[in-house]
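Numbers for residues simply follow the sequence, beginning at 1. Read the numbers this way: they start at 1 and go in the same order the structure lists the ligands and their atoms. Basis for what follows: all heavy atoms, side chains included, without hydrogens, waters or symmetry-related copies.
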Amino acid sequence: MSEIEWKPKRNSRQSLTFQIVTYMKKKILNGEWTIGMKLPSQRKMAKQFDVNRSTIVSALEELVADGFLQSKVGSGTNVVNNTWSLIASSPPPDWVSYVKSGIHEPNITMIQKINEAEADSKMIRLGTGELAPELLPVEDMKRLMQINETETLFLGYEEPKGSLTLRKTICENLKRKGIDVSPASILIVSGALQALQLISIGLLKRGSVIFHETPSYLNSVHVFQSAGMNLFGVSIDHEGINHEEIGVLKKQHHGALLYTIPSYHNPTSILMSENRRKQVLDMCQQESLPIIEDDVYGELWFDYPPPKPIKANDHNGNVLYIGSVSKSLSPGLRIGWLVGPEPVIDRLADIKMQTDYGSSSISQHMVQKWMVSGMYDEYLAHVRKELKKKRDFMLDVLNSYYSDIAIWEIPKGGFFIWLQFKIDISIRSLFEVSLKEGILLNPGSVYDKNDRKHLRLSYSYASLQEIEEGLIHLSKIIRAKEHC
Ligand SMILES: Cc1ncc(COP(=O)(O)O)c(C=O)c1O
């Protein structure tokens with residue numbers, strides 16, 4: 001059962017129990033709640049409906065007595081019947097078993113919990129990898145959205161690789177990073193994540209092995225695993241992924257691809273050095289191992305820009321380069337780009353056409369306006385400055401309250417501080433306890449299932465006040481050792 005907006009009316013003549021029973025019956029009768037579906041705990045429902053637990057108990061008892069629900073000790077309450085199923089000659093579809101057999105793997109439970117908690121506006125989000133609403137350029141966007149009489153606006157389907165005008169503009173932007181490509185080598189996608197999705201289904205065989213940094217953002221999404229691939233972690237040091245290990249592992253495990261985030265890596269914020277970029281490219285060329293270079297944080301540098309992307313030195317078509325406006329302008333536009341050899345881009349454009357017939361033409365139009373007007377560059381300069389202030393503030397709070405219990409590096413860009421605890425602590429129970437206290441964390445295990453000692457902190461989303469309050473409160477929870 002996902003988030004419920006509805007709540008019983010307190011000023012109604014009908015009792016709260018009656019209203020809840022009626023609401024639930026309707027959900028079951030119209031098939032929104034299917035047979036076999038498990039209801040949340042009584043405590044959770046009481047919170048969602050804003051009533052006492054005893055009201056929930058009475059409502060559930062009534063629905064059990066009417067035969068709609070069944071409660072079993074230890075396994076909770078499930079929908080077991082709807083009146084249609086009683087009168088129909090053949091049983092309704094068993095949606096629960098369909099849901100279980102879907103090809104795509106579900107999110108890991110911790111991420112499902114994080115996604116759910118993010119809907120609570122009171123939550124202090126100390127790990128969210130997103131720009132704060134007040135950092136997003138809402139007023140400028142409103143102004144740019146006013147389309148004047150002389151401006152052309154295309155509302156049809158765009159061509160398979162996306163708007164040519166936008167691809168030309170992206171080519172110009174990429175030139176400044178040393179990447180010299182033509183629009184034919186670019187595919188506009190609905191965010192960087194879609195680029196990964198297309199690569200997973202369009203280029204690789206089931207059973208392929210994907211190398212990535214340990215830890216990695218890639219572990220927090222199930223894109224490659226759902227397409228039947230295996231992920232394999234490679235170690236990372238202060239200069240980035242270990243290129244020598246890549247060579248050894250390629251031979252041992254027949255790796256099909258390397259996925260890397262060289263600039264302001266998620267979750268560690270490590271910036272791959274210029275030298276390491278060359279070494280990684282050389283090693284991968286030598287081993288015939290294609291690279292996916294994910295550069296979604298590359299624009300978010302603080303004191304100096306990152307070294308040129310790996311793609312800038314790729315003269316053999318070894319690298320698929322991914323960019324996006326999600327971390328720098330607006331995740332809601334859902335616009336990213338994939339740069340690679342033409343046959344790859346043609347193949348993935350063909351799959352994209354079969355998947356969604358192209359990304360939103362209006363979003364593409366907006367990104368084009370931002371970029372070509374110069375406003376994107378201006379806004380980036382502003383975001384870098386603001387993010388740096390927030391980084392410094394978080395570092396100050398950490399220095400005051402965490403220096404005896406944790407260590408961290410100073411990020412040179414991006415969103416994250418990879419906090420490593422020096423003390424023995426259960427991050428899982430810290431996550432649970434903090435969640436109950438209104439603080440949402442991103443444990444390191446989301447990015448490396450074996451991790452037991454890190455938190456991914458982010459200064460991008462929470463306000464300065466929330467960062468201070470949240471981190472001070474968290475340090476108290478940690479010190480009240482009985483919880484952890
Ligand atoms: C490294 C990395 N790649 C890709 C994405 C997804 O970006 P988009 O919103 O453009 O799909 C994220 C978002 O968290 C990310 O951190």
Seminar exercise, completed: Numbered in order shown, the ligand 1 atoms found under 4.0 Å of a heavy atom of Ser326 are 8 (P), 9 (O), 10 (O)
Seminar exercise, completed: For Tyr259, the ligand 1 atoms with a heavy-atom partner under 4.0 Å come out as 1 (C), 3 (N)
Problem set entry | Test: Glu299 and Arg384 ion pair at under 4.0 Å | yes
Exercise. Is the gap between the ring centers of Tyr297 and Phe416 under 6.0 Å?
Worked result: yes
For this session: Could you verify whether a donor N or O on one side chain and an acceptor N or O on the other, from Thr260 and Arg277, lie under 3.5 Å apart?
Result: no
Problem set entry | Closest approach of any protein heavy atom to atom 1 (C) of ligand 1, naming residue and atom | Asp294 OD2, 3.4 Å
Exercise. Considering only the protein, which heavy-atom contact is closest to atom 7 (O) of ligand 1, and what is its distance?
Worked result: Ala192 CB, 3.7 Å
For this session: Just jot down the ligand 1 atoms closer than 4.0 angstrom to any heavy atom of Arg334, in number order.
Result: 8 (P), 9 (O), 11 (O)
Problem set entry | Intermediate values then yes/no, salt bridge (charged side-chain N to carboxylate O under 4.0 Å, His left out), Glu116 and Lys44 | CA-CA 12 Å; Glu116 216 175 285; Lys44 207 161 170 192; 2.8 Å; yes
Exercise. Closest non-hydrogen protein atom to atom 16 (O) of ligand 1, residue and atom name please, with distance?
Worked result: Tyr297 OH, 2.6 Å
Exercise. Using 30° and 60° as the class limits, which term best fits the ring planes of Tyr217 and Tyr259: parallel, tilted or perpendicular?
Worked result: tilted
For this session: Could you check atom 6 (C) of ligand 1 against the protein and tell me its nearest heavy-atom contact, residue, atom and distance included?
Result: Tyr217 OH, 3.4 Å
Seminar exercise, completed: Per-atom filter on ligand 1: closer than 4.0 angstrom to a heavy atom of Val296 are 1 (C), 2 (C), 3 (N), 15 (C)
For this session: Can you spot which of Val280, Ile292, Asp314 makes a side-chain contact (heavy atoms from CB on, under 4.5 Å) with Val319?
Result: Asp314
Problem set entry | Within-shell test, Lys327 vs ligand 1, heavy atom, strictly < 4.0 Å | yes
For this session: For Asp377 and Arg176, run salt bridge (charged side-chain N to carboxylate O under 4.0 Å, His left out): C-alpha distance rounded to whole Å, both residues' side-chain angles, the deciding distance at 0.1 Å, then the answer.
Result: CA-CA 12 Å; Asp377 289 336; Arg176 297 190 295 188; 3.0 Å; yes
For this session: On the 0 to 90° scale, with breaks at 30° and 60°, tag the Trp418-His454 ring pair as parallel, tilted or perpendicular.
Result: parallel
Seminar exercise, completed: Checking heavy-atom distances from atom 10 (O) of ligand 1 to each of Ser263, Ser328, Gly336, Ser324, the winner is Ser324
Exercise. Quick check: does Leu193 get an N/O under 3.5 Å from an N/O on ligand 1?
Worked result: yes
For this session: Check each atom of ligand 1 against the heavy atoms of Ile261 and keep those under 4.0 Å away; list them by number with element.
Result: 1 (C)
